[in-house]
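Computed from heavy atoms alone, side chains included, the values below leave out hydrogens, waters and symmetry copies. By convention in this document, chain letters (A, B, ...) are assigned in the order of the sequence lines, proteins followed by strands, and residues within each chain are numbered from 1.
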Amino acid sequence: MSLGKFIAKRAFQAFVTLIGALLVVFLIMRILPGDPARLIAGPEASWEDIENIRKMLGLDKPLYIQFIEYVKCVFKGDFGKSIKYGTPVINEILARLPYTVLLAVAAEAIAVALALPLGVYSALKPNSTLSRFISAISLFGASLPIFWLALIFIYIFSAKLKWLPSFGAGSWKHLILPSFTLALLLMGNLTRITRSSVMEAASMNHVTTAVAKGLDNGKVLRRHVLRVSMIPIVTIMGLQIGSLLGGAVITETVFAWPGIGSLLIDSIFYRDYPLAQGIILFIVLAFVIVNLAVDFIYGLIDPRVRSRTWS
Amino acid sequence: MSIVLDVRNLKVYYELGNGVVKAVDNVSFQLYKGEVLGIAGESGSGKSTLGQAIAGLIRPPGRIVGGQILFKGKNLLELSESEWRKIRGKEISVIFQDPNSYLNPVYTVGFQVAEAVEAHNGGSPKHYIHKAIELLKMVRIADAPRRAVNYPFQLSGGMKQRVLTSIAIANKPELIIADEPTSALDVTVQAEVVELLLELKKELGSSMIFITHDLPLLLEIADRIMVMYAGKIVELGSSHHIRNNPLHPYTRGLLESVRYERKAKLKSIPGSIPSLISPPPGCRFAPRCPFAYEKCRKIEPPLKQVDGRLVACHLFNEGGNDG
Amino acid sequence: MELANTRYNNVLSQIKQEKTKRRRELLETLRKNKWALASLYIIIALCAMSLVSFIYTPYNPFQFNLAIARQPPSLSHPLGTDELGRDILSRIMYGGRYTLGISFISVTLGALIGVALGILAGYNGGKVDTVIMRIVDIMLAFPTILLAIALVAAVGQGVKSLILAISITTFPVYARLVRGTVLQIVNEDYITAAKLIGLSSYKIMVKHVLPNTMSVVIVQMSYYMGLSILLASALGFLGLGVPPPKPEWGTMIGGGRIYFFSAPHIVVIPGIFIFITSLAFNLLGDGLREALDPKLRGLLRRG
Amino acid sequence: MGSDESILILERVKKYFPLSLGLRGKKLYVRAVDDVSLTIRKGETIALVGESGSGKTTLGRIIAGLLPPDEGRVIYRGIDLYNGNVLSKNKELRFKIQAIFQNPDTSLNPRMMIYDTLAEAIRVRNNGLTEEEVAEKAAVLLENVGLNLDHLTKYPHELSGGEKQRVAIARALAMNPEVLIADEIVSALDVSVRAQVLNVLIDVKDKYDLTIVFITHDMGLVWSISDKIAVMYLGRIVEYGDTESVFRRPLHPYTRMLLTSSPTASLIGYYRNDKYKARGEPPSPVNPPKGCRFNTRCPIARDKCFEEDPPLSELAKNRWVACHRALEEE
């Protein structure tokens, strides 16, 4: 199968996933015990208020019609109007997007720059002291509550040392604390996956062939270990970027970073239901697209993927 | 005949969590120029470890703990890593067992063959693609220019084995170590690949160590056969001797268990292969040996010259012929 | 006959003895891993602390007294007091039931649903598999924390919706993991042999497939305990988890946050508890994996 | 030795496995078993011989009642195994056909003690046994396969490959079967251990009055154990006959090639003809050649062989061969 066909097939699957995700978001909002109209109206609202809101949102119509309407709107790029801001939801999202992208890219870049070398090193020298230290760090990364860590960082670097601003966005200095906090969280997983997949690749038989050819260590490592170990690493990177593009909800909230994640939390507290729903959809979309991109990269890395028959 | 390889008292151990596996334990033998030496043994006999040791491919937890490997008079075990690299793939090369896993799945076979040339001539693999196609032709891959741009998964098992072979002969090595090169192949495919190997060996004037569990195959192709059991050599002699008059009870048992007779109970060796962490004292085959007596369970039999070959067994006297 | 019976009685008692011996060996392996063992003790201690809170806490965890607000740790209040003057030690003890309880229930729930779906999908294959895995893929298209936030936002705050949110976000991972394991298992010859002796699909799933997936599931559950604790407390911190004044650990951090610069202990102490609990489950997971993973154990049988 | 009573009859059995390709690619099939008819007689040992891709394992699974064929019938003592759900409805029938497979490492449930593995089978076969009776039966089974009571309390990873295969045989015997399918049961074992397992198979065949379908690629094993031989190539049976007569005078060129290139067969020394030295590799079973399927490798193929698919026909007494030129050129 050609790479094009492979991508087409994956794109189709991604599309199906997206429709499914739409349905899930839709159902979460309508079927679960909570009543969005009631939530939006607030605890003191009268029954009439609630009915009005219900009509406004089209909640009085049968469920399947609601879903069709909803899908139609989404594909027109119309996510509805924000209750709080009174502007189209999509505008609000697009206004916040650059901040989220900036933070996501910065954090992932820091994480990759640190985690890949550390992971490769500890895979090749698994019994060294540094490797033990690295695995301890990545274990800590997986166990630390990030919101807490963020507060600690603010305490140390802003309150005590006064090196960096504690919240908001504006200068490059504002980016440092949130991106490093996030990177630390991402690093744990990334280091671990890198370590295990490099270790696995290094123990494969074709590496022995490469050594037996008389190839020097650098080439053996580059061509026969690292390239083969890339697939799981790229997968994790994709998952991470995908979920970061949806806004690092906690980090953005703690640092008051004006990205999509903090917008989501705001919208939930303001019961800005169309905005929240729009953001969630947007996030899923970003996630699915990034995963599609990852599939594309797989195809480039591994010729077998292109020809594998997918059921 | 000149001696190409002289292995002396070689010991290769694996240090595992629960003990030391003595995979190759005090093994000595010589390889003559131009000959095919077959090494026969079952799993755990140490035959593959021995091959890897000679090619300098032992990786942790494995370790060469003693002995010498003299290749053209030079002790390979005293070489530095970079000196080793100049020998690997150029003077000594290996053909591995499983054609599926010994080729890198993400590079074309042409690239992987060219890489073998590159390793000893410098430059980049791209420079050697014509050479690679030539090598693929040498191992009789039809339509070599087109095959060169195929990935391993696009080739059949037999074809992949030929690619591995062309990698091994890329630099006209003096010694080819073939480690179960055909065990993953069907017999009708195997026959052709084996024939090819022998022809190439002749053409290049190399010597060959052919490692396999398939004793009947060795009887057809090897000049001399070395039988290993639990990390030790038990018998080493010409194919003719091994085929018609095996002396060591293990060699005999092995031969009898593949010399099938029509509708008769097969002759089997009782018991199973011993643990190499705590091998039985004395002769390692003693617990399964029908002829074992007191001495066999206490004293390890040395390899001695008996009836024109070497045997490690107390049943025979040096130089004698009382089997 | 009498004699034969005693002979086989002996065999039977031997079999029973052997089985208890094996179980002990497994515990031994776990015990040899000192980190895993230490984690286990920490987890037991934390659970005990939470249980004790049902009958005893040093102070009433809800009783506030602004006069002693934001006091650093002292002899009378070993972990200090919070922004409303409540005793932090008492609140940590009381809050353990939320943090640990919510994680435990939701991890178990998620595992039950996920394992059932994974086995159904992997064992049956075909359409059942396609449908289940499609659902799983869709669920996995949501970043974990986001789905949890969405669910809590939709259902409303509270312990129940938190449990619901965490189990819904985690079950797809179990399902995928178990399905993968099952796909390996169903190709093994002992499953074919079980079909050959005429066992029903149900029996094969329960007796032969399920037990062989358990080690993977148990290890995953331990890791997910660590993750759920972080998730539950993060939601609590954002104000979407267990609502105040209930002293869920994350909620405590969220509440004390504005006083962080003047009284850091209000934030630091619950955070340390979250960290230690999560770390302990992660370490236990590592230990369990080593003790249960047949691949790692198989290594000892080489040569 | 076989009697005249036929116990299993395969009628024009076909099994194609679909390969899904691309979004709108043409459906392709692996023609694993392509129109096979065969009669197996009570008490005989028949060897199905072939190399990878020959379809022997698929055929074995079809005979074992594990894999419904796409076309054709498998008839055991007058009952069509794949007609409705006879195998799951009629347990007695299910018990009668048992199988053992190649890989000793997956043949036993790693979490079950050997005793439990055997006890499970024994309880399914015999209702309402006391624990002691089950233990007794398990012990007898183990003794019959050359193991002892100590093995009852072991787990699979504590046994050697040969021991595991013997336990697998014991589990099959617990069902008191009439037909036993042995699919490459010794190929994963070391040579010195193989004989132990094969001898057990020979022993229990007499003790339990079994009919054995022995699937293998090793001509040496065929020679030592089978009464009949069916040689398979690319989903077809190309030669069928008494083992002795086939070994003394193979008729199909593929059989001749197998015997010539197999080192174990040449140790037996009945047949070897350098004209039939191996060449080429078998073509893909997805796309078998037109005419005779062996024509890409056959040294004696002529025009007709590239056009017409030769049927399996009785060229000599009890000798069935699918070849246009078998008798013309030796």
Margin query: Salt bridge check, B:E192 against D:K277: does any charged N sit closer than 4.0 Å to a carboxylate O?
Written below: no

Check: Given the options B:G158, B:A191, B:G253, which has more heavy-atom pairs under 4.5 Å with chain D than any of the others?
Finding: B:G158

Margin query: Looking only at heavy atoms and a cut-off of under 4.5 Å, which of D:L221, D:D218, D:I202, D:V193 has the most pairs with chain B?
Written below: D:L221

Checklist line | Any donor-acceptor pair under 3.5 Å from B:D186 side chain to D:E51 backbone | finding: no

Check: Can you find a pair of side-chain heavy atoms, one from D:S262 and one from B:Q190, that are under 4.5 Å apart?
Finding: no

Notebook entry, point to check: Do any N or O atoms from the side chain of D:E281 and from the backbone of B:M159 form a donor-acceptor pair under 3.5 angstrom?
Noted result: yes

Check: Where on B:R140 is there a heavy atom nearer than 4.5 Å to chain D: the side chain, the backbone, both, or neither?
Finding: neither

Notebook entry, point to check: Looking at D:M219, D:R297, D:M257, which makes the most heavy-atom pairs under 4.5 Å with chain B?
Noted result: D:R297

Checklist line | Heavy-atom contact with chain B under 4.5 Å, split by part of D:E163 | finding: neither

Check: Hey, which of B:E195, B:H213, B:K267 has the most heavy atom pairs under 4.5 Å with chain D?
Finding: B:E195

Notebook entry, point to check: Does a side-chain heavy-atom distance below 4.5 Å link D:P263 with B:L219?
Noted result: no

Next item on the list: Would you check if the side chain of B:E261 reaches a backbone N or O of D:S224 as a donor-acceptor pair within less than 3.5 Å?
Entry: no

Next item on the list: State whether the number of non-hydrogen atoms from other residues, nucleotides or ligands found under 6.0 Å of D:R249 atom CZ is greater than 12.
Entry: no

Item checked: Side chain, backbone, both or neither of B:L185 within contact of chain D (heavy atoms, under 4.5 Å) -> neither

Check: Among D:S266, D:S192, D:A195, D:A278, who wins on heavy-atom pairs under 4.5 Å with chain B?
Finding: D:S192

Item checked: Region of D:R194 that comes under 4.5 Å of a non-hydrogen atom in chain B -> side chain

Margin query: Nearest 0.5 Å, please: how far is OG1 in B:T188 from OH in D:Y276?
Written below: 15.0 Å

Check: Between the side chain of D:E244 and the main-chain N/O of B:R262, is any donor-acceptor distance below 3.5 Å?
Finding: no

Next item on the list: Work out which heavy atom in D:Q196 is nearest to a heavy atom in B:I269; give both atom names and the distance.
Entry: NE2-O, 2.7 Å

Check: Would you find more than 12 non-hydrogen atoms of other residues, nucleotides or ligands less than 6.0 Å from B:K202 atom NZ?
Finding: no

Next item on the list: Determine whether D:V222 and B:Y260 make a side-chain contact, defined as any pair of heavy atoms from C-beta on separated by less than 4.5 Å.
Entry: no

Checklist line | Main-chain N/O of B:E42 paired to D:D190 side chain as donor or acceptor, under 3.5 Å | finding: no

Checklist line | Contact check, side chains of B:V189 and D:S261, non-hydrogen atoms, under 4.5 Å | finding: no

Checklist line | Passing option when B:P216 is tested against D:I268, D:T264, D:V191 for side chain to side chain contact (heavy atoms under 4.5 Å, CB included) | finding: D:T264

